[in-house]
Number of protein chains: 2
Amino acid sequence: MFEVIGERINTSRKKVQEAVAARDAQYIIDDVSQQQASGACFIDVNAGARIGHEKEDMQWLLETIQSVAIVPLTLDSPDPAVLEMAFAMVKETPMINSISLEKERFDAMIPFLSGKECKVIALCMDDTGMPASSEDIIGRADTLVKELNAIGIATSNIYVDPLVQPISTDTTKGVMVLEAVKGIKTKYPEVHITGGLSNISYGLPQRKIINRTFIALMMTAGMDSAIIDPLDTKIMATITTADMLLGNDSFCGNFLKGVRAGAIES
Amino acid sequence: MFEVIGERINTSRKKVQEAVAARDAQYIIDDVSQQQASGACFIDVNAGARIGHEKEDMQWLLETIQSVAIVPLTLDSPDPAVLEMAFAMVKETPMINSISLEKERFDAMIPFLSGKECKVIALCMDDTGMPASSEDIIGRADTLVKELNAIGIATSNIYVDPLVQPISTDTTKGVMVLEAVKGIKTKYPEVHITGGLSNISYGLPQRKIINRTFIALMMTAGMDSAIIDPLDTKIMATITTADMLLGNDSFCGNFLKGVRAGAIES
């Protein structure tokens, strides 16, 4: 089944930042409840936007969210100290967002992740920048899987983000990432593929239809998770429908449930 | 570029049958004009529904349609005599709809198609019924391509219809046809894949979102044509968007044209 990582609890979003600054717990609780009711399988928590306040904001957010969360959390920070504190606070095994091949982040994250039992998002980014070809993405994913396996993270706990790039400046970027996903899944059937999708439509109009059509294409290639806004009903309807079409919804149960709830419309 | 075969001129549609019976040329001309304006690359013409009138209805339809058609026609009949008459009437090289492996249709169509220069839709149907697995579909497509090649039809003029089957009774039917399309395109990169799609959603509610999500999945697998209603703006928007995402729309030109025309909305 496709796993949606709900992206809304992020202090770079104006309303979330205001709620965090004011310690408005009800706002956060309502948002998390809505994300869960809409089908989020993980709640991403990012407290990075208020400079100098990340650790205390993350602590308050986790206390607040855990009063209502029924799904595991995605701890989203580049700072191992913040992650260590957060890891000790969560009740359920979390997902860590993220490691990459950028030397500074890699060197900080490997000691933190060593010996821990958790899921981890692995970005195909290195110090040279974004990947330039399908083979480049596959090679970076391969390195990340091997490095994470070496410190005890099982392949089935790795969520590779192949880094979606805009087609507005280069129309081959869609095929590039689709081919990369197929290649990674061929080499590592147990690995998960996740990431944000909205970069694909950067610079183009009517971005939402591009984003939700692209997720259907990516799911056909093997993507089985995404970092999105679960309150976007149209993208969620596309995911539920595509997941059914790909044989992952026995007796079409999730689809029919969505139709009855009014969440899926022609 | 994806090729849409417009399915509307079919006497099994009530309004078309009425227009044909009344020899209402304006109705037919308007319909064909709308299909072309909406992006149809072929206009399918089927005059089979008024029993005993197919030949004269087809003749009148072709005369009428050719006064306005700027795209080639798809001659849709199981009767070689009707097809011979129609083939002689059309100004542009047509597409023939269709041959299959059912003995009666196969034996009737092979002499008709021999030595002709035309495109042809090849249905993966035989006298045992619908295909039962991906391998079965690929095997039938392989036989059809070889038989058509043997009578002089180039592979690039063959449009294989893998026969989409409903997922409501068996949720594996979507993956079955997707894998078959990949297999056929791997074996014959020049062959086209076409067909109707609406069978996929038979027996389920909210069928249109299922059909248009499925076409995005099928396009990722290699489908490059479909027999649909070009006036269904949502499925056409999905096709234009997916075609762009698959790298078939240089500078995103078709997509941007569609947005400017108001045909693509988020």
Side-chain angles (χ1 to χ4, degrees), chain A residues 164 166-179 181-182 197 200-201 203-222 232 234-235 237-253 255-256 258-260 262-266, chain B residues 164 166-179 181-182 197 200-201 203-222 232 234-235 237-253 255-256 258-260 262-266:
Chain A
V164 169
I167 54 167
S168 54
T169 45
D170 179 351
T171 54
T172 68
K173 291 297 188 192
V175 174
M176 182 179 102
V177 72
L178 287 164
E179 291 302 318
V181 171
K182 288 183 211 168
L197 292 147
I200 194 73
S201 60
L204 289 169
Q206 305 292 356
R207 294 184 64 179
K208 286 195 167 186
I209 189 175
I210 303 175
N211 298 347
R212 77 176 173 269
T213 303
F214 190 58
I215 205 168
L217 274 53
M218 287 287 274
M219 289 172 73
T220 313
D232 179 338
K234 284 189 174 180
I235 202 167
T238 297
I239 290 170
T240 304
T241 305
D243 217 30
M244 171 179 71
L245 289 164
L246 291 167
N248 301 322
D249 184 9
S250 56
F251 303 106
C252 308
F255 178 82
L256 293 169
V259 170
R260 280 193 300 271
I264 298 171
E265 287 178 8
S266 275
Chain B
V164 170
I167 53 167
S168 53
T169 46
D170 179 352
T171 53
T172 68
K173 291 298 189 191
V175 174
M176 182 178 102
V177 72
L178 287 164
E179 291 301 318
V181 170
K182 288 182 210 167
L197 293 147
I200 194 74
S201 60
L204 289 170
Q206 304 292 357
R207 293 184 64 179
K208 286 195 168 187
I209 189 175
I210 303 176
N211 297 348
R212 80 175 172 268
T213 303
F214 190 58
I215 205 167
L217 274 52
M218 287 287 275
M219 289 172 73
T220 314
D232 178 339
K234 284 189 174 179
I235 202 168
T238 297
I239 289 170
T240 304
T241 306
D243 218 28
M244 170 179 71
L245 288 164
L246 291 167
N248 301 322
D249 184 9
S250 57
F251 303 106
C252 308
F255 178 83
L256 292 170
V259 170
R260 281 193 299 270
I264 297 171
E265 286 178 9
S266 276

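All values below were derived from every heavy atom in this structure, side-chain atoms included, with hydrogens, water molecules and symmetry-related copies excluded. Since the structure is predicted, the reported quantities are computational estimates derived from the model, not experimental observations. In what follows, chains are A, B, ... by sequence order, proteins preceding strands, each numbered from 1.
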Compare all side-chain heavy atoms of [X] with those of [Y] and state whether any distance is below 4.5 angstrom.
X: A:Arg212; Y: A:Asp232; value: no
X: A:Thr171; Y: B:Ser250; value: no
X: A:Asp243; Y: A:Met219; value: yes
X: B:Thr241; Y: A:Gln206; value: no

Considering only heavy atoms, which portion of [X] lies under 4.5 Å from any heavy atom of chain A: side chain, backbone, both, or neither?
X: B:Val175; result: both
X: B:Arg207; result: backbone
X: B:Leu178; result: side chain
X: B:Phe255; result: side chain
X: B:Thr213; result: both
X: B:Lys234; result: side chain
X: B:Asp249; result: backbone

Could you go step by step and tell me if A:Val164 and A:Met218 meet the side chain to side chain contact (heavy atoms under 4.5 Å, CB included) rule? CA-CA 10 Å; A:Val164 169; A:Met218 287 287 274; 4.2 Å; yes

What heavy-atom pair brings A:Leu197 and A:Phe214 nearest, and what distance separates the two atoms? CD2-CD2, 3.6 Å

Among [options], which residue forms the greatest number of heavy-atom pairs with chain A at distances under 4.5 Å?
options: B:Thr169, B:Thr172, B:Ile264; answer: B:Ile264
options: B:Ala237, B:Gly247, B:Ser266; answer: B:Ser266
options: B:Asn248, B:Asn211, B:Val259, B:Ile210; answer: B:Ile210

Contacts of type side-chain hydrogen bond (donor to acceptor under 3.5 Å, both in side chains), residue B:Lys182, not counting sequence neighbours: B:Glu179

